[in-house]
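One structure is given here, and the rest of the page talks about it.
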Amino acid sequence: MTPLTHCSALILAAGKGTRIKSPLPKVMQPLLEEPMLYYVIQALKNAGISDIAAVIGHGGDVVQEWLAKNESDVVPVWQKEQLGTGHAVMCARDWLKERKKVLVVNGDMPMLTESEIKALLDHAGDAGIAFMTCDLDDAGSYGRVIRSNASVSIVEAKDATAEQLAIHEINVGIYLFDVDVLFRGLAELRQDNSQNEYYIVDLISWGCSQGITVKPVKLSADNLDGVNSPMELERLSIKMRDRILTRWLNAGVKCFDRNSVWISPRTTFHGEAWLYPNVQFWGSCDIGEGCVINSGSVLRDTVLKDGVQCLGYVVTDHVTAEKDVKMGPFCFLRDGTYLSEGSFAGKFVEIKNSKIGQRTKVPHLSYIGDAEIGEDTNIGAATVTCNYDGVHKNRTHIGARCFVGSDTMFVAPVTVGSDSTVAAGSVITKNVPEGALAVARGRQVVKDGWSLRRKSQK
Ligand code: UD1
Ligand code: CA
C-alpha cells in the first residue's frame, strides 16, 4: 500500500464540458449548490491526501476564484488551451516534478468517496501505473478497458471498433502514477486519434509496452459516475441528496418523506431533529438537538441551537437562533439576524440585521431592520422600524421589558428606554426615556350624530 502522506493528487478540471451546455465550466456545475469540484476535493481530503493541485483552463478564472475562496490550499495550474487529458497533466509538470506518487482524478466525478481512493491505493501495491475500472451495463461514451494476456489498454469510445464497444469494463478516470514513470510516458504521448487530443489513457498501453507494472483495479460502479450532461447532473443531485440524508438519518435525524428533504453537504445536525416534508437546508447550516422544522422551511447558512422550532414556511439566510426560539409560520429572517434564547418571530414577520432579546416576541406582521431589542419586550402587530431614510440605514434601540402597541413606526435613528410603553399607532421620531409612556398620534375627534345626519341627506 502507498502511504497516503506520500501521495499527491492532481484534479483535471480544465475541460469545457460541451455536453453540459452551460457557460459555467463543467467542474463548477453545482450539486446541492456546491460545485462538483468541491466533492472531489472532499473525497481526496477524507482519504488523507492534502497535497492537491487542480488543472484549470476553460472558465478558469471562475474556478481559480472559487478555489481561492473555498479551498485555498489547492494549487491552481493553468492549461491555457485544452488539448486533452494527457495535455492537462503535461501542463502540471512544474508542480509534479517535486512529487513522487500522484493520483490523477477527473474533476467530473462528484460521487467519488475516500473508500474508492483508498481501494485503488491499496490494490496498486508498487505498480508504476494503476487505474480504476468498473463494469457498466451501458458503457456509453466511456473509454473501454481492453485486457489481453499480459497487457491492458484503454480505447476511447470514439476510437473503438464495434467489438470493443461491446466491452462493459470502463475506464473510470482515476489513475495512480509513479511520477518518474509519468514523466517518461508524457514525453511519448501523441495526438493520433479522432479528437486530435493528447489522451492520458494512452499511458496505459505505453506502460505495458515498456514492461512497467500496470494494474487495472476494478471496483463497484456505485460511486463512480461521471457527469457529462444536464440529465446526469440531475440524476446525481438526487443521488447525492439521498446519500447525505441517509447519513443524517443514521445519526438520528428523522424525516417523514425523504424525497422532499434537501440537506446541503455543509450542513451539520447535533442529534435528533424532526424534518417535515418539503424542507431545505443550504450552505452551511448547524442544527441543534430537538429542533423541529415544519414544511416549507428553507434555511440557509443558519445556526439553530437546541429545541428551536420552525413552525412552517420559515425562510432564513444568515441567521442564528438560540435555544427554544420559535419562528413562523411565514416569516423571513435574514442578514445576520440574531434571536436570543426563547424569543419568537411570528407570522408575516421580516427581520434583518437585528438582535432580538431573550423571550422577546415579534408575533405578527412586522418589519424589524437594523434594530436591537432587549429582553422580555413585546412588539405589537404591524410594527415597523423605518431604518432607511433614502440615504442611510439607521438603527433602532428598544430596551428590555417594553410594551410596543400595534401599528407603531420607529423612525430611526431612535432609542426607546427599558420598561417603557409606546401607544398603538404611534410614529416615534424622538427618543423615549426609561419607564415612560410615548403617545405619538393624532387625537381622536368624535362628532355626535354626524353619520346619521349625512344618511338622512341622501
Ligand atoms: C475521459 C477518459 C475516458 C473515461 C472518462 C471517465 C480520456 C481521453 N478519456 O473521457 O477513458 O472513460 O474520462 O469519465 O481521458 N480535462 C482537462 N483538460 C482537457 C480535457 C479534459 O482538464 O484538455 C478534464 C475535464 O475537465 C474533465 C476530465 O479532464 O474533468 C475528463 O475530461 P472529459 O472531456 O470529461 O473526458 P471524457 O471524454 O469523459
Ligand atoms: Ca467525463
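Values reported hereafter were calculated over all heavy atoms of this structure, with side chains retained and with hydrogens, waters and symmetry mates removed. Note that the coordinates shown come from a computational prediction; the quantities given were computed from them, not determined experimentally. In this chain, residues are counted from 1 in sequence order.
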Carefully, step by step, assess Glu71 and Tyr38 under the rule side-chain contact (heavy atoms from CB on, under 4.5 Å). CA-CA 8 Å; Glu71 303 282 353; Tyr38 163 86; 4.0 Å; yes
Applying salt bridge (charged side-chain N to carboxylate O under 4.0 Å, His left out) to Glu232 and Arg19, what does each step give before you reach the verdict? CA-CA 11 Å; Glu232 285 163 1; Arg19 289 165 283 175; over 6 Å; no
Before you tell me yes or no, could you show the steps for Leu275 and Val253 under side-chain contact (heavy atoms from CB on, under 4.5 Å), namely the whole-Å CA-CA distance, both residues' side-chain angles and the distance that decides it to 0.1 Å? CA-CA 8 Å; Leu275 312 182; Val253 172; 3.6 Å; yes
CA sep, side-chain torsions, deciding dist, call: Met111, Leu224, side-chain contact (heavy atoms from CB on, under 4.5 Å): CA-CA 6 Å; Met111 302 308 296; Leu224 300 178; over 6 Å; no
Would you please test Ser194 and Glu156 for side-chain contact (heavy atoms from CB on, under 4.5 Å) and show each step? CA-CA 9 Å; Ser194 63; Glu156 287 305 286; over 6 Å; no
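Arg300 and Glu33 are joined by a salt bridge, as a carboxylate oxygen and a charged side-chain nitrogen come within less than 4.0 angstrom of each other. Salt bridge Lys393/Asp370: absent, no basic N to carboxylate O contact under 4.0 Å.
By the neighbour-count criterion of 12 heavy atoms within 6.0 Å, atom NZ of Lys45 is densely surrounded, having more than that number from other residues, nucleotides or ligands. Within a 6.0 Å sphere centred on CG of Asp137, heavy atoms belonging to other residues, nucleotides or ligands number 12 at most. No more than 12 heavy-atom neighbours from other residues, nucleotides or ligands sit within 6.0 angstrom of NE2 on His123. Within a 6.0 Å sphere centred on CD of Gln191, other residues, nucleotides and ligands contribute more than 12 heavy atoms. Shown here is Tyr313, whose OH atom has no more than 12 heavy atoms of other residues, nucleotides or ligands within 6.0 Å.
Using modelled atom types, one side-chain atom of Tyr39 and one backbone atom of Leu31 make a donor-acceptor pair closer than 3.5 Å. Not a single donor-acceptor pair under 3.5 Å links the side chain of Ser297 to the backbone N or O of Cys310. Put simply, the side chain of Arg144 gets close to the backbone of Ile167: a donor and an acceptor are under 3.5 Å apart. Of the possible polar contacts, none joining the His58 side chain to the Ala14 backbone as a donor-acceptor pair under 3.5 Å is found. The backbone N or O of Trp262 sits nowhere less than 3.5 Å from a side-chain atom of Arg241 that would complete a donor-acceptor pair. Distance alone, capped at 3.5 Å, places no donor-acceptor pair between the Gln210 side chain and the Gly207 backbone. The backbone N or O of Thr360 lies less than 3.5 Å from no partner atom in the side chain of Ser343, so there is not a single donor-acceptor pair. A donor-acceptor pair under 3.5 Å is formed between the side chain of Asp301 and the backbone N or O of Ser284. Remark: the backbone N or O of Glu375 is not paired with any side-chain donor or acceptor of Arg359 at under 3.5 angstrom. Ser354 contributes a side-chain N or O that, together with a main-chain N or O of Ala371, makes up a donor-acceptor pair within less than 3.5 Å.
When side chains are defined from C-beta on, Asp257 does not count as touching Val261, because their heavy atoms never get closer than 4.5 Å. Side-chain contact between Val89 and Phe177: absent, with no pair of heavy atoms (C-beta onward) separated by less than 4.5 Å. Between Phe131 and Ile154 there is a side-chain heavy-atom pair separated by less than 4.5 Å. You'll find the side chain of Asn223 reaches within 4.5 Å of the side chain of Arg243, heavy atoms only. Considering only heavy atoms from C-beta on, Asp73 stays 4.5 Å or farther from Ile52 through its side chain. Residues Val179 and Glu98 are not in side-chain contact: their nearest non-hydrogen atoms beyond the backbone lie 4.5 Å or more apart. Inter-residue side-chain proximity for Leu121 and Lys101 is flagged as unmet; no heavy-atom pair is nearer than 4.5 Å. Counting heavy atoms from C-beta on, the side chains of Thr396 and Asn387 never come closer than 4.5 Å.
With sequence neighbours excluded, the residues satisfying salt bridge (charged side-chain N to carboxylate O under 4.0 Å, His left out) with Asp94 are Lys97. In this structure Asp317 satisfies the salt bridge (charged side-chain N to carboxylate O under 4.0 Å, His left out) test with no other residue, sequence neighbours excluded. Looking at residues two or more places apart in sequence or on another chain, you find a ring-ring contact (aromatic ring centres under 6.0 Å, His included) between Tyr276 and Phe256. The salt bridge (charged side-chain N to carboxylate O under 4.0 Å, His left out) test applied to Lys254 returns Glu272, not counting sequence neighbours. Residues satisfying the salt bridge (charged side-chain N to carboxylate O under 4.0 Å, His left out) test with Asp61, not counting sequence neighbours, are none. Judged as a ring-ring contact (aromatic ring centres under 6.0 Å, His included), and not counting sequence neighbours, the contacts of Phe348 are Phe330.
Across all their heavy atoms, Lys352 and Tyr367 have their closest contact at CD-OH, 3.6 Å. Between Gln64 and Pro76, the shortest heavy-atom distance links the atoms NE2-CG, 3.9 Å. Across Val77 and Ala92, no two heavy atoms sit closer than the pair CG1-CA, 3.8 Å. Contact record, Ala157 with Tyr142: CB-O, 3.7 Å, taken as the closest heavy-atom pair. Closest approach of Asp306 and Glu289 over heavy atoms only: OD1-N, 2.8 Å. Shown here for Leu103 and Ile49, the closest heavy-atom pair between the two residues is CD2-CD1, 3.9 Å.
Rounding to the nearest 0.5 angstrom, the gap separating the CH2 atom in Trp248 from the CG atom in Leu245 is 11.0 Å. Atoms NZ and OG, from Lys323 and Ser340 in turn, are 13.5 Å apart once rounded to the nearest 0.5 Å. Leu32 CG to Ile263 CD1: the interatomic distance, rounded to the nearest 0.5 Å, is 9.5 Å. To the nearest 0.5 angstrom, Arg184 atom CZ is 11.5 Å from Leu186 atom CG. Between Asn294 atom CG and Gln309 atom CD the span is 8.0 Å, to the nearest 0.5 Å. Rounded to the nearest 0.5 Å, atoms CD (Glu197) and CG (Asp192) are 12.5 Å apart.
For Thr267 and Ser264, the side-chain atoms include at least one donor-acceptor pair closer than 3.5 Å. A donor-acceptor contact closer than 3.5 angstrom is absent between the side chains of Arg395 and Thr385. Of the N and O atoms on the side chains of Gln195 and Lys158, at least one donor lies less than 3.5 Å from an acceptor on the other residue.
Each of Val27, Val227, Asp108 was compared with Ile20 under the side-chain contact (heavy atoms from CB on, under 4.5 Å) criterion, and only Val227 meets it.
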